[in-house]
Chemist: 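Before we start, here is the structure in question, set down as structure tokens.
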There are 2 protein chains.
Amino acid sequence: MTDAGRARFLKGHGTENDFVVLPDPDGSVWPEGRLSPAMVRRLCGRREGIGGDGVLRIVPSRYVPDAAAVLGADLERCAWFMDHRNADGSTAEMCGNGIRLFLYALVTEGLLDRAACEAGVLVGTRGGPRWVGATPDGEYWVDMGPARAFGEGKAVVSGQVFQGLAVSMGNPHLACLTDVDVDTLDLGGQPEFDPGLFPDGVNVELINTLPAGDADAHIRLRVHERGVGETRSCGTGACAAAYAALAAAGRDTGTVVVDVPGGRLSVRFEQGTTVLTGPAVIVATGVLGQEWPGS
Amino acid sequence: MTDAGRARFLKGHGTENDFVVLPDPDGSVWPEGRLSPAMVRRLCGRREGIGGDGVLRIVPSRYVPDAAAVLGADLERCAWFMDHRNADGSTAEMCGNGIRLFLYALVTEGLLDRAACEAGVLVGTRGGPRWVGATPDGEYWVDMGPARAFGEGKAVVSGQVFQGLAVSMGNPHLACLTDVDVDTLDLGGQPEFDPGLFPDGVNVELINTLPAGDADAHIRLRVHERGVGETRSCGTGACAAAYAALAAAGRDTGTVVVDVPGGRLSVRFEQGTTVLTGPAVIVATGVLGQEWPGS
């Protein structure tokens, strides 16, 4: 089998939130007509395709028709755009786990210099421009923007009532610190919540506090994502939970280690920013098989 | 990223029964210590790995320590061995969907001549030697051995009772022809069956008969696999269901078209053999990422 002309891909994950990454360095490999919703669904299909929670297309911002509207004056500063699609084929905005993998893929594909990556770069997303970078020890970070508390509420999960802090990370969260061992909970059902506080639904975090060690706090987390169910990791959920853990200690700055089912993240709060840091793993690189249309 | 020294893989499926295929043409890429149960589980992990129902290692039979015991005098005739592992890391015997993909991968990897493949070759498996081959129109076939009826029984699925024919394809099946539209059934639970007839459990097929067209019969099938649950396709289940459809028409030879949720198969019965034919799809080819131990 010759690989000539076949579309290249990477498969990888950030704390087991996994993606099919499609390098498209001059915008010609995956034009809109080819990267159709049906194609995205097939790429993400776990048996008929490569499998993933979504697709991340690596493309220069100037080749993305809708980039100017979301990036505004930052269009020229964002050399690269994370064209993120959900597994159902719809377009997506930002993903704190996906963007780490996106950045790692930019470096491994030779599209971004490792030193420039450690210095920090601005990447375009449908959620706006985002500062991202690499750490010296091989992890990746993303500035998730400010966290904002907007009240207190409760959720019913697995027949038990949990009190939590309502936190917005752009999307709504109810971050519930609890003494109940979160590993014992059944997150298979839909949590009950107050629709007055969360008219658009809510992501629910159930959080145990662990000994802090060298960090300012250390938590273990399970998350029920709005419209999805329990997931292995949720970037905004990690930030919201970390914020609630600091707030419980009367603080609004500091670093929190966050253990999610899919791995370990850390969240640093400083002067109105929230920096999420964690691993990115490239599981495989290759080309699509000859049965793919156009490959 | 350089690909030098990284282990090569293919991901593909037969009627959406999907596998990670590992070429190991001289037995040195995936020695036993490296292809450990833990490594197989990680390769098959759908978020942390490549994802698959199992692993198929392509290796010369002479490099497989336990091949002589299962192949006997046929060891020398089986140039290639399908070293099949389940997603849980255990060793597996035969798979009518996997072996088609195995054969396609042998050809695309340049390890087997296409013409030789169309003539038919003997491949080693832990279930014994198997005749397999390619059709002129790009599908693959495998001789699944004889079907044998051993009684009649019933199963309770989704609160309804279904009568069926007990058929052995090496493993036990209850093939139930029914007028109930199989697409309306809930196969989420464990079917009830007669443990006297099926002391080791049973695979249950629920079958609708369709207009035969050019074939001797045409059926649509859903299957509940023993120990697994509903699957997109089951090679032995397709054979057992096809056998039951022919038997209902008073025949024991002929060709049956079998639609499974994952695609279309055909089964030909002739002089004590059962030949299963269907597609094989290679979704992607590539190399493992640098995070894999030893890659």
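Chain letters run A, B, ... following the sequence lines, proteins first, then strands; residues in each count from 1.
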Chemist: For B:Ala280, is it the side chain, the backbone, both or neither that has a heavy atom under 4.5 Å from a heavy atom of chain A?
Modeler: backbone

Chemist: Which answer fits B:Asp53, side chain, backbone, both or neither, if we ask what part of it has an atom under 4.5 Å from a heavy atom of chain A?
Modeler: side chain

Chemist: So how far is it from A:Trp292 CH2 to B:Ile282 CD1, rounded to the nearest 0.5 Å?
Modeler: 13.5 Å

Chemist: Please tell me if the side chains of B:Arg47 and A:Arg46 come closer than 4.5 Å, counting only heavy atoms from C-beta onward.
Modeler: yes

Chemist: Answer with side chain, backbone, both or neither: which region of A:Phe19 has an atom nearer than 4.5 Å to a non-hydrogen atom of chain B?
Modeler: neither

Chemist: Hey, could you give me the CG/NZ distance between A:Leu288 and B:Lys11, rounded to the nearest 0.5 Å?
Modeler: 12.5 Å

Chemist: Does the side chain of B:Ile50 reach to within under 4.5 Å of the side chain of A:Val283, using non-hydrogen atoms?
Modeler: yes

